[in-house]
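What follows is a short report on a single structure.
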Amino acid sequence: MTKKFETALVQGGRAPTKSYGYVNPKLTRGSTVLYPDMATKLATGKRRLEPVEIYGTLGNDTHFALERMIAEIEGGSHAQVVGSGLAAVTVPLLAYLKSGDHVLMPDSVYGPTRNFCRGTLQRFGITAEYYDPMIDPAALRALFRPATRVLFTESPGSHTFEVQDIPALAEVAHAAGAKVFMDNTWGLHHFQPFRHGVDVSIQALTKYAGGHSDIILGAVSVNSKEDWLWLRDGALEMGQYASPDDCWLALRGLRTLHVRLKAQEAAGLRVAHWLAEQPEVARVLHPALPSCPGHEFFKRDFSGAAGLFGVVFQPE
Ligand SMILES: Cc1ncc(COP(=O)(O)O)c(C=O)c1O
């Protein structure tokens, strides 16, 4: 029997026997790990791809509990927690791309992701080209070059809220041998990335997972051992680390995600419908309303809405 989402949230990441009877994982802080002997240290050191305590930067049981939970919510095989939502964008891009590569970015992408492309990626000889998030598959196909290794998506887009046809765009990317990355922050739980052709799903846990405006955290999920290998190694090479205190708070916040998402969806829709009736408003960009570009993909691919949406005002 598959667990209901709310049950998965209450049970996720818990290992009561490991934490000696406490219901929730303990908050662990630490850097150096002690081993009984050299042989154990050497053998443990080789297990970096597993949730094993080796040294602080590789994560501890608090990180691993949250990673199990995020992988479960996203429907992937593995998750890597990183220090911020922006790091969840930059780390997989840096870990996967190399000099000379080309990446396709939606024009509606989160601003700091664009800054990263213009700054770091460009400095390392990686070219970002922007595409209309509502592009059709044939037009997207024409943008692919031999060096295109990543189709980046963000659905709905930041500020303009275009909902992308992810399965159709992913098919084009895969046929061209590229990976599909998606910033799925808005769609946490409501959009199952790996069922729709995404290879790498990005979450700013700062937002819906944290839920209380008091943590900064990100996660990257994948759904294969092959993708886990380059992602995990890249994150470790870059010294990526997240505070266990923030991980513990995120885990605690996630227990109530289900009720919070429902309440935010209802409140957001009420305000969106009200705004749509106001004479000063030209258009409401809420994925659940027909006035939003890509509303048909929202209806097809999402199980619900988050609270965030945009509004276009009439000119003065
Ligand atoms: C879509 C999206 N991705 C990533 C981020 C970055 O998250 P953080 O603030 O944790 O760096 C944000 C933050 O607003 C966001 O809205």
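Whatever order the structure lists them in is the order used to number ligands and atoms, beginning at 1. Just the heavy atoms: all of them, side chains too, but no hydrogens, waters or symmetry mates, feed the values below.
Under a cutoff of 6.0 Å and an axis angle of 45°, R283 and F313 do not form a cation-pi pair.
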Output block, N or O contacts of ligand 1, threshold 3.5 Å exclusive:
residue, atom, partner, partner atom, Å
ligand 1, 3 (N), D183, OD2, 2.7
ligand 1, 10 (O), G85, N, 2.8
ligand 1, 10 (O), T206, OG1, 2.5
ligand 1, 11 (O), G85, N, 3.3
ligand 1, 11 (O), L86, N, 2.9
ligand 1, 14 (O), K207, NZ, 3.1

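Partners of F302 under the ring-ring contact (aromatic ring centres under 6.0 Å, His included) rule, at least two apart in sequence or in another chain, are W186, F191, F298.
Hydrophobic clustering (side-chain heavy atoms under 4.5 Å, transitive across Ile, Leu, Val, Met, Phe, Trp, Tyr) groups L188 together with V180.
Screening residues 240-277 for ring pair (Phe, Tyr, Trp, His ring centres under 6.0 Å), with sequence neighbours left out, gives F5-H258, H63-Y241. Identified under the salt bridge (Lys or Arg N to Asp or Glu O under 4.0 Å) test for residues 211-240, with sequence neighbours left out: R48-D233, K179-E226, K179-D227.
Looking at L104, T148, V172 one by one, the single match for side-chain contact (heavy atoms from CB on, under 4.5 Å) with L143 turns out to be L104.
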